[in-house]
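Comments concern the structure below.
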Amino acid sequence: MRIHDTLTRKTVELVPRELGKISMYVCGVTPYASAHIGHARTAVAYDLLKRYLQHAGYVVTHVSNYTDIDDKIIRRAQEQGVTPLELSARYIGEYLEDMAALNVLSPDITPRVSESIQDIIELIGRITTNGYAYVSSDGVYFSVRKFGRYGRLSGRSVDEMRSGARVEVNEAKEDPLDFALWKFAKPGEISWDSPWGKGRPGWHIECSAMSLRHLGAGFDIHGGGEDLIFPHHENEIAQSEAALEGQQFVRYWVHSGMVNMGAEKMSKSLGNVMTVRELLEQYPGQVVRLYLLQTSYNKPLKFSISGFGQSFTNYERMAEFEVFLQGLTEEPHGSVKAEFESTCSSFLGEFDASLADNLNTSRALAAVYEFMTRVRRTASERSLGGSEASRVLEVFRSTLWVLGLDQTSDYMKHKSSLLAGKRHALVAVAAEVEAAVDDSRSASDLLDAIIMKRQIVREAGQYDIADQIRERLRGVGIALEDGIDGVRYRIRG
RNA sequence: GGCGGCAUAGCCAAGUGGUAAGGCAAGGGUCUGCAAAACCCUCAUACCCCGGUUCGAAUCCGGGUGCUGCCUCCA
């Protein structure tokens with residue numbers, strides 16, 4: 001496949017370090033608050049990359065960390081009267097629930113900073129031994145000017161940045177661009193022993209330590225949101241390659257685009273966030289995921305709530321398509337016609353080609369929609385055989401898996417939970433139309449009874465009454481559809 | 001101030017030299033007792049503006065305009 005590499009600023013063929021295997025490290029979250037849609041976007045992007053690579057036959061090792069020790073966590077924990085690790089553990093738990101709802105597969109390894117201190121200390125030791133670091137009054141610092149390639153990833157020069165003067169003023173640093181590898185503990189702060197004194201890791205060093213620990217030098221893909229390019233990933237390269245003495249740290253740098261809220265970037269520090277939890281109250285996780293997949297992973301995405309409505313409609317279309325096929329596969333018969341098989345195989349080819357093209361999900365989704373239309377068209381021209389439906393289902397589901405949109409059962413769950421919320425209204429409707437059912441039954445039973453009542457009057461030719469019942473249900477947000485194979489319903493509002 | 005990115009229909013969005021994918025919305029039709037669903041048709045002479053290169057440009061070059069990211073914690 002081809003992937004956009006930030007370092008070379010080119011979309012290039014992905015050639016793994018080891019044939020048939022991909023090693024991938026993705027910068028995870030700092031768990032001090034609920035995850036927002038931007039975090040979800042990044043997680044979904046790399047989950048898609050992993051799924052596609054697995055689909056393409058690679059054995060993927062996916063590592064994603066939790067930065068569970070950091071200034072913000074420490075401050076928040078103090079405010080709330082809990083320990084930093086209690087606070088981060090709570091938000092890690094929340095994050096896992098959110099990601100599960102989005103059908104994000106668990107990374108193979110999820111290291112935490114608090115559990116990687118020895119690796120971090122060893123790495124700082126190597127950097128120090130190689131002469132790239134110095135001990136100052138409040139910590140151990142990396143000496144940026146000693147690393148000649150500094151600035152290559154983010155496309156800036158050390159001189160430009162010095163004159164930029166927006167760097168933190170800190171007397172303890174020899175140069176304003178230097179960054180902390182190890183911060184000495186202030187009284188009462190969480191800390192670990194080290195050869196330089198009690199303290200904790202600086203930001204940046206943990207990702208180098210954890211990625212090298214689990215994947216080794218020269219691993220394939222290092223990913224994260226594009227806001228991490230500078231300084232986080234720039235610093236990771238500097239300190240890692242300083243420690244590795246000439247060996248390459250990472251083969252390909254991949255960055256996912258930001259989610260903007262209105263005009264601005266969504267960010268915890270700006271306070272303009274839409275959390276994943278808030279969205280999940282309104283939409284199934286699969287709808288949120290589909291919304292995120294509509295746009296290329298590396299372009300900015302402007303958050304808009306109306307977009308979720310569009311995604312819901314599309315997701316419903318996919319789920320209903322699957323229901324339609326399942327109905328046909330119950331009686332397997334006939335063979336798959338050659339022309340029909342070519343519809344399936346050309347879809348698979350286009351789908352693969354789309355994702356191989358730097359994960360072009362817009363194009364891949366277009367292929368999915370077209371495939372659904374083609375199959376439906378065939379079904380409207382002649383009857384589809386059960387074997388054909390099985391073949392379509394197999395093809396369709398395999399592509400949905402790659403996109404992570406295979407949880408079509410979420411649609412049914414969402415539908416029944418919305419229906420359950422209408423029980424009270426349905427009691428009233430049932431009484432009005434004199435459906436034979438008692439008030440204590442479930443929403444689903446009440447609806448069935450109302451539908452049965454309507455079928456009776458329909459069969460009697462009393463269409464005006466049947467239409468009144470349908471209208472009445474529509475009034476409570478339930479739309480009936482009379483099909484050849486029975487009555488179906490959809491929840492509309 | 002420095003370094004990037006983006007600008008395609010009412011909305012979302014692909015497309016990096018060969019004459020505008022796909023979805024949502026909208027309108028018309030087939031089917032249906034009626035409706036819905038499904039299917040069919042229609043829906044940007046046109047890709048922010050102005051120049052240039054080319055037989056040919058949304059795509060390349062130059063100049064504008066607008067929005068935006070990073071340079072400070074950030075997915």
Side-chain angles (χ1 to χ4, degrees), chain A residues 6 9 11 26-30 32 35-46 64 67 70-72 151 154-157 159-168 177 203 223-232 234 255-260 262-270 273 290-291 294-296 298-302 304 306-314 316-317 320-321 324 350 354 357 360-370 372-381 458 461-464 466-467 470-471 474 479-484 487-490 492:
Chain A
T6 308
R9 285 149 212 272
T11 303
V26 182
C27 284
V29 292
T30 300
Y32 71 93
H36 59 64
I37 184 74
H39 299 110
R41 185 180 193 203
T42 298
V44 165
Y46 294 99
S64 191
T67 301
D70 137 293
D71 292 354
K72 284 198 185 105
S154 55
R156 51 194 90 205
S157 77
D159 293 338
E160 277 164 6
M161 284 186 283
R162 284 219 180 87
S163 58
R166 261 179 98 178
V167 248
E168 175 191 355
L177 295 179
W203 186 43
E226 68 181 6
D227 53 352
L228 296 180
I229 294 172
F230 189 90
H232 187 55
E234 193 71 73
H255 291 97
S256 54
M258 297 292 101
V259 175
N260 298 321
E264 289 178 306
K265 171 182 152 186
M266 182 181 297
S267 139
K268 282 187 273 196
S269 52
L270 291 173
V273 301
L290 178 56
Y291 173 81
Q294 279 184 137
T295 308
S296 303
N298 58 351
K299 293 205 172 161
L301 170 60
K302 191 163 68 183
S304 100
S306 69
F308 286 83
Q310 295 184 6
S311 295
F312 189 92
T313 306
N314 283 320
E316 186 174 47
R317 190 175 153 197
E320 291 287 349
F321 181 66
F324 160 74
E350 168 61 14
S354 302
D357 176 19
N360 190 333
T361 46
S362 311
R363 190 178 147 198
L365 284 168
V368 170
Y369 296 131
E370 269 182 298
M372 288 193 287
T373 300
R374 278 175 175 247
V375 171
R376 291 276 205 177
R377 181 188 303 155
T378 303
S380 73
E381 287 165 350
R458 277 184 80 203
Q462 295 172 293
Y463 291 118
D464 52 337
D467 290 351
R470 189 171 60 198
E471 271 310 301
R474 194 205 298 261
L480 293 189
E481 298 174 6
D482 300 319
I484 330 162
V487 182
R488 305 172 41 72
Y489 74 92
R490 293 191 190 216
R492 289 273 176 266

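FYI, side chains are in, hydrogens and waters are out, and symmetry mates aren't considered; it's all heavy atoms of this structure.
Among the heavy atoms of the strands lying under 4.0 Å from T295(A) are primed sugar atoms or P, OP1, OP2 only; no base atom is included. Contacts of I229(A) with the nucleic acid, taken as non-hydrogen atoms under 4.0 Å apart, are absent. Counting any heavy atom pair closer than 4.0 Å across all strands shown, G38(A) reaches a base atom.
With sequence neighbours excluded, no residue forms a salt bridge (Lys or Arg N to Asp or Glu O under 4.0 Å) with E226(A). Under the rule for a salt bridge (Lys or Arg N to Asp or Glu O under 4.0 Å), the partners of R474(A) that lie at least two apart in sequence or sit in another chain are E471(A). Shown here are the side chain to side chain donor-acceptor pair (under 3.5 Å) partners of R156(A), two or more places apart in sequence or in another chain: S154(A). Every residue meeting the ring pair (Phe, Tyr, Trp, His ring centres under 6.0 Å) condition with F308(A), not counting sequence neighbours, appears here in chain and number order: Y283(A), Y291(A), F303(A). Taking F324(A) as the reference, nothing meets the ring pair (Phe, Tyr, Trp, His ring centres under 6.0 Å) condition, with sequence neighbours excluded. Among residues two or more places apart in sequence or in another chain, the salt bridge (Lys or Arg N to Asp or Glu O under 4.0 Å) test is passed with R488(A) by E320(A). Residues satisfying the side chain to side chain donor-acceptor pair (under 3.5 Å) test with S304(A), not counting sequence neighbours, are S306(A). Evaluation of the side chain to side chain donor-acceptor pair (under 3.5 Å) rule for R9(A) yields no partner, not counting sequence neighbours. For D227(A), the side chain to side chain donor-acceptor pair (under 3.5 Å) partners at least two apart in sequence or on another chain are K265(A).
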Which atom pairs link the protein and nucleotides 9-11 of chain B when you take only N or O atoms and keep those under 3.5 Å?
{"residue": "rC11(B)", "atom": "O2", "partner": "Q310(A)", "partner atom": "NE2", "Å": "3.2"}

Find every protein N or O atom lying less than 3.5 Å from an N or O atom of nucleotides 15-17 of chain B, and list the pairs.
{"residue": "rG15(B)", "atom": "OP1", "partner": "N360(A)", "partner atom": "ND2", "Å": "3.2"}

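Nucleotide rA7(B) has rU65(B) as its partner under the Watson-Crick or G-U criteria, with both atom distances under 3.5 Å. When Watson-Crick and G-U wobble pairs are counted only if both distances are under 3.5 Å, rC43(B) pairs with no nucleotide at all. For rA20(B), there is no paired nucleotide, since no Watson-Crick or G-U wobble pair has both relevant distances below 3.5 Å. Base pairing of rU30(B): its partner is rA38(B), meeting the Watson-Crick or G-U wobble criterion (both donor-acceptor distances under 3.5 Å). rU53(B): no Watson-Crick or G-U partner with both key distances under 3.5 Å is found in any strand. Taking a pair to require two hydrogen-bonding distances under 3.5 Å in either a Watson-Crick or a G-U wobble arrangement, rC70(B) pairs with rG2(B).
The side chain of N314(A) approaches rG23(B) more closely than any other nucleotide in the set rG23(B), rA14(B), rG69(B).
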Indicate for each nucleotide in nucleotides 28-39 of chain B, in 5' to 3' sequence, whether protein heavy atoms under 4.0 Å reach the base (B), only the sugar-phosphate (S), or nothing (-). -----BBBBSSS
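Atom C1' of rC43(B) sits at a distance of 42 Å from the matching atom of rC3(B), rounded to the whole Å. Using atom C1' as the reference point in both rU53(B) and rG17(B), the two lie 12 Å apart (nearest Å). To the nearest whole angstrom, the two P atoms, one in rG29(B) and one in rA35(B), are 11 Å apart.
Between E350(A) and R374(A) there is no salt bridge, since no side-chain nitrogen of the basic residue lies less than 4.0 Å from a carboxylate oxygen of the acidic one.
A donor-acceptor contact under 3.5 Å is not formed by the side chain of S362(A) with the base of rA13(B).
Checking the phosphate oxygens (OP1, OP2) of rA75(B), no side-chain nitrogen or oxygen of K265(A) falls inside 4.0 Å.
Each of A366(A) and G155(A) was matched to the nucleotide of RNA chain B holding its nearest heavy atom; the match closer to the 5' end belongs to G155(A).
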